[in-house]
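In what follows, a single structure is set out as structure tokens and then discussed.
Per chain, numbering begins at 1; letters A, B, ... match sequence-line order.
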Protein chains: 2
Amino acid sequence: MAHDRLHERLNAYLAKKGLRHTSQRKVIADAFFGGPNHISIEELLARVRKEDARVGYATVYRTLKLFTECGLAAERNFGSGPSRYELSDESTDHHHDHLICLECGGITEFHDPAVEKAQEAIARRYGFRVRSHKHEMYGVCQACQQADEAPRARPRRS
Amino acid sequence: MAHDRLHERLNAYLAKKGLRHTSQRKVIADAFFGGPNHISIEELLARVRKEDARVGYATVYRTLKLFTECGLAAERNFGSGPSRYELSDESTDHHHDHLICLECGGITEFHDPAVEKAQEAIARRYGFRVRSHKHEMYGVCQACQQADEAPRARPRRS
DNA sequence: GTGCCTGCAAAACGTTTGCACTGGC
DNA sequence: GCCAGTGCAAACGTTTTGCAGGCAC
């Protein structure tokens, strides 16, 4: 399983900090590692409760905070609504940014070395030491554009 | 006055939509156009109340929403805390993004054509129609880096 | 006079925490 | 047994809205 590496990493962190392996943490980790990326606390809780109906919101909240601390997860805020969590760049060995569709809410990940390079140049110009960055484009995805053009699927003027 | 153009634009929008010119809208517009960029509702309210102490929070909130609708203002969320408002790219004829210092909270604006170009290329690659974007780098500004090295005189903001 | 606008207060919303009980070690 | 972890509910900070009265037109 590809999740083994993530579980190991979590276990190592728990051990290092003297924290406990609880059944809730295990269930939440399974649900998070196996679930869709950019999941909200609420959505994750629903997945978790299929395994153990007694888990509370606060536990999921605190556990994702823990995952964030140990570098497994990253918190994202796309426009309004609740925060969403994804596997961190560090845990996927793959940095990415986001395209967010304003019509369907879909999130596409992208990576572009040219942007990264340009970013470094800007930081250098301002003597700024970058710790993290956020690069999000909001607009309409290809699928929604096509749906908008098809006269049957949707009225032209909304 | 450089603000005349902004006031005109607001008036045109009010006229077009059949909305009313009220004293509150005038005072809030003055305070917003003349105040610092990246201002919060709370801070703007304080400025407004110097002119008219009876203005309420909700009015400032609703008025900034109006400014955002008519393209004069843009809402920004930098990390935690309340939303901040700035003059929109459209109203300044000058697109910019942000460097946010995690130590002093200072916000620096920057513009880089290389990033914009790279962005367009990505959008094209995904067939995505971009409506707006957000490009923020979080880190440590030059002043804070120097203050950290010589911890005698650190300029603390916020 | 009409109905948009305002100010207040309260609701809504998402996040965070205090507390008593539970359970891992 | 100790103390971190949990579940509940309530607190929190911010945003949004319902409503009665006020004011631009």
Anything under 30° is parallel, anything over 60° is perpendicular, the rest tilted; go ahead and classify [X] against [Y].
{"X": "A/F32", "Y": "A/F67", "value": "tilted"}
{"X": "B/H38", "Y": "B/H98", "value": "perpendicular"}
{"X": "B/H96", "Y": "B/H94", "value": "parallel"}

Output the rounded distance in Å from [atom1] ([X]) to [atom2] ([N]).
{"X": "A/E42", "N": "C/dC13", "atom1": "CD", "atom2": "P", "answer": "12 Å"}
{"X": "B/R84", "N": "D/dT14", "atom1": "CZ", "atom2": "P", "answer": "10 Å"}
{"X": "A/H21", "N": "D/dT6", "atom1": "NE2", "atom2": "P", "answer": "12 Å"}
{"X": "A/D52", "N": "D/dG7", "atom1": "CG", "atom2": "P", "answer": "7 Å"}
{"X": "B/L45", "N": "D/dT15", "atom1": "CG", "atom2": "P", "answer": "13 Å"}
{"X": "A/I41", "N": "D/dG7", "atom1": "CD1", "atom2": "P", "answer": "14 Å"}

> Are A/H133 and A/H135 close enough that their ring centers fall under 6.0 Å?
Replying inline: no
>> Looking at A/Q24 and A/T63, would you say the former's side chain and the latter's main chain have a donor-acceptor pair under 3.5 Å?
In response: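 Not confirmed, A/Q24 side chain does not pair with A/T63 backbone.
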> Atom CG of A/L66 and atom OG1 of A/T59: how far apart are they, to the nearest 0.5 Å?
Replying inline: 12.0 Å
>> At 4.0 Å (heavy atoms only), tell me whether A/L19 reaches a base, stays on the sugar-phosphate, or touches nothing.
In response: sugar-phosphate
Determine: side-chain N/O of [X] to OP1/OP2 of [N], distance under 4.0 Å, yes or no.
{"X": "A/Q24", "N": "D/dG7", "result": "yes"}
{"X": "A/T22", "N": "C/dG24", "result": "no"}
{"X": "A/S83", "N": "C/dT15", "result": "yes"}

> Closer to the 5' end of DNA chain C via nearest nucleotide, is it A/Y57 or B/R25?
Replying inline: B/R25
> Does the side chain of A/L6 reach to within under 4.5 Å of the side chain of A/L87, using non-hydrogen atoms?
Replying inline: yes
> Contacts to DNA chain D from residues 61-79 of chain B, heavy-atom cutoff under 4.0 Å, which residues?
Replying inline: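 Under 4.0 Å from DNA chain D: B/Y61, B/R62.
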>> Taking donor-acceptor contacts at under 3.5 Å, does the side chain of B/R20 reach the base of C/dC5?
In response: no
> Considering only side-chain heavy atoms of B/A58, which listed nucleotide, C/dT6, C/dC8, D/dC23, is closest?
Replying inline: C/dC8
